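Dropping a structure here in structure tokens format, bear with me for questions.
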Amino acid sequence: MSSKDVMQKWLAIVGIGEDGLEGLSVVGRSLLSQATIVVGGDRHLAMLPPDDTRERLLWASPIEDSVNQIIQRRGQAVCVLASGDPMCYGIGVTLTRRIAIAEMAIVPASSAFSLACARLGWSLTEIETLSLCGRDPALLNALLYPEARLLVLSADQSTPATVAQLLTQQGFGNSQITVLERMGGTQERITSGIASTWAATNLADLNTIAIHAHFTPPPLHPGNSAE
């Protein structure tokens with residue numbers, strides 16, 4: 001698809017990294033500049049210049065209300081600002097369920113998973129991925145096995161502690177946990193530890209958890225050993 005074809009879509013979904021609007025591609029910048037309506041969260045809309053008077057739509061709860069508002073503006077130039085890759089557990093997935101891909105242009109930034117793999121030296125094709133944004137942390141259990149490598153999108157700063165507790169309860173207390181915050185920005189930080197002794201609480205809400213799972217079998221009780 002050429003840049004000219006992209007510009008003809010009424011809905012643009014533009015991924016943004018921690019480096020903000022300065023990190024947008026030429027196409028991403030053009031789509032944003034041509035929009036008459038900009039949609040996003042508080043953090044994304046705050047990136048716009050103070051003198052930007054265009055209509056802004058802040059994500060509502062439930063998200064379906066905002067999706068309906070976007071659909072009502074079909075034919076107008078709408079730009080949705082999203083974190084990272086909109087098609088990786090992002091708003092792009094939600095919107096493509098209601099709006100045909102032929103009506104939109106999607107310009108992704110690097111996903112949190114790609115950035116984490118680059119920091120850790122992991123192969124993206126050899127890991128398990130999961131989002132716990134608005135989802136039950138118990139979903140992690142289905143992906144746990146000895147020596148598994150997992151990347152998990154956190155709901156907020158408390159998610160790493162919740163994950164550490166869950167790992168410990170499932171016999172994976174010796175697992176290595178690495179929390180990567182604000183990847184790609186000036187405030188990027190990496191914190192590592194062991195699940196069973198995890199104590200870090202001063203974390204950013206925007207974080208990704210890397211897990212190298214290590215299983216510790218429970219000790220045999222007297223009378224349970226093989227004769």
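Here the structure is a predicted model, which is why all the values come from computation and not from measurement.
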Contact between M104 and T96 at the side-chain level, heavy atoms closer than 4.5 Å - yes or no? yes

Using a 4.5 Å cut-off on heavy atoms from C-beta on, say whether the side chain of S114 contacts that of L124.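 L124 vs S114: side chains touch.
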
Tell me, with the steps shown, if C79 and Q34 meet side chain to side chain contact (heavy atoms under 4.5 Å, CB included). CA-CA 9 Å; C79 182; Q34 293 180 14; over 6 Å; no

Between CZ on residue R74 and CD on residue Q76, distance to nearest 0.5 Å: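 CD of Q76 is found 12.0 Å from CZ of R74.
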
Do I37 and I13 share a hydrophobic cluster, counting only Ile, Leu, Val, Met, Phe, Trp and Tyr and linking them when any side-chain heavy atoms are less than 4.5 Å apart? yes

Looking at Y89 and T129, would you say the former's side chain and the latter's main chain have a donor-acceptor pair under 3.5 Å?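 A pair under 3.5 Å: yes.
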
Restricting to ring pair (Phe, Tyr, Trp, His ring centres under 6.0 Å), what partner residues turn up for Y145, sequence neighbours left out?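 Ring pair (Phe, Tyr, Trp, His ring centres under 6.0 Å) check on Y145 returns nothing, list empty.
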
How far does CG of L206 sit from CD of Q187, to the nearest 0.5 angstrom? 10.5 Å

Using a 3.5 Å distance criterion without hydrogens, assess whether the side chain of R149 forms a donor-acceptor pair with backbone atoms of E126.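 No, R149 side chain to E126 backbone: no donor-acceptor pair under 3.5 Å.
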
Assigning hydrophobic clusters by single linkage (Ile, Leu, Val, Met, Phe, Trp, Tyr; side-chain heavy-atom cutoff under 4.5 Å), is L57 placed with L95?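 Yes; tracing contacts between hydrophobic side chains, which count when under 4.5 Å, links both residues.
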
When you measure from the side chain of N207 to the backbone N and O of A204, does any donor-acceptor pair fall under 3.5 Å? yes

Ignoring hydrogens, what is the shortest heavy-atom contact between R29 and L24? Give both atom names and the distance.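 Nearest pair, atom of R29 first, then L24: NE-O, 3.4 Å.
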
Mind checking whether S110 and M183 have side chains closer than 4.5 Å, heavy atoms only? no

Non-hydrogen atoms of I99 and W10 that approach each other most closely: CG2-CZ2, 4.1 Å

Would you call L167 and L144 a side-chain contact if the rule is heavy atoms closer than 4.5 Å? yes

Using every non-hydrogen atom in the two residues, find where A109 and G17 come nearest and quote the distance to one decimal. CB-N, 4.1 Å

For residues H212 and T178, is any side-chain donor paired with an opposing acceptor at under 3.5 Å?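 No donor-acceptor contact under 3.5 Å links the two side chains.
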
Judged by atom type as modelled, is there a donor-acceptor pair below 3.5 Å linking the side chain of S196 to the main-chain atoms of G173?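 Pair found, side chain donor or acceptor close to backbone of G173.
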
If Ile, Leu, Val, Met, Phe, Trp and Tyr residues are connected whenever their side-chain heavy atoms lie under 4.5 Å apart, and connections chain through other members, are I127 and L140 in the same group?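 Each belongs to a different hydrophobic cluster.
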
Rounded to the nearest 0.5 Å, what separates atom CG in L32 from atom CE in M47? 11.0 Å

Side-chain heavy-atom pair I91, I63 within 4.5 angstrom cut-off: yes

If we only count heavy atoms from C-beta on, is the P86 to P108 side-chain gap below 4.5 Å?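 Yes, at least one pair of side-chain atoms sits under 4.5 Å.
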
Reported OG1-to-CD1 distance for the pair T191 and I209, which is rounded to 0.5 angstrom: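 Rounded to the nearest 0.5 Å, the OG1-CD1 separation comes to 11.5 Å.
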
Any L203 side-chain heavy atom under 4.5 Å of T159 side chain: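 Sidechains of T159 and L203: no contact.
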
Does L150 share a hydrophobic cluster with W198, counting links as ILVMFWY side-chain heavy atoms below 4.5 Å and allowing steps through other members?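 Looking at the clustering, W198 is in the same group as L150.
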
Heavy atoms only: give me the nearest L151-A210 pair and the separation to one decimal.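 Distance-wise, the nearest heavy atoms are CD2-CB, 3.6 Å.
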
Start with the C-alpha distance between E128 and I211, add both sets of side-chain angles, then the distance that settles side chain to side chain contact (heavy atoms under 4.5 Å, CB included), and finish with yes or no. CA-CA 10 Å; E128 307 285 356; I211 303 166; over 6 Å; no

Working to the nearest 0.5 angstrom, can you tell me the gap between E64 CD and Q69 CD? 11.0 Å

For E188 against R119, the heavy-atom pair lying closest together: OE2-NE, 2.6 Å

Determine the minimum heavy-atom distance between S66 and L58, stating which atoms define it.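 Nearest heavy atoms, S66 then L58: OG-O, 3.8 Å.
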
Could you measure the distance from the CG atom of L132 to the CG atom of L130? Nearest 0.5 Å is fine.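 Rounded to the nearest 0.5 Å, the CG-CG separation comes out at 4.5 Å.
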
Would you say S175's side chain and H214's backbone share a donor-acceptor pair under 3.5 angstrom? yes

With distance as the sole criterion, is a donor-acceptor pair present between the side chains of R98 and N68 under 3.5 Å? yes

Give a yes or no answer on whether the side chain of T197 reaches the backbone of G193 with a donor-acceptor pair at less than 3.5 Å.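 No: the side chain of T197 does not pair with the backbone of G193.
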
If the plane angle is over 60° it's perpendicular, under 30° parallel, otherwise tilted; pick one for F215 and F172.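 Ring orientation, 0 to 90° scale: tilted.
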
Should V39 and M87 be counted in the same cluster of Ile, Leu, Val, Met, Phe, Trp and Tyr side chains packed under 4.5 Å apart?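 Shared cluster, yes.
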
Checking T36 side chain against A77 main chain: does a donor-acceptor pair fall under 3.5 Å? yes

Are the side chain of D205 and the backbone N or O of Q157 linked by a donor-acceptor pair below 3.5 Å? yes

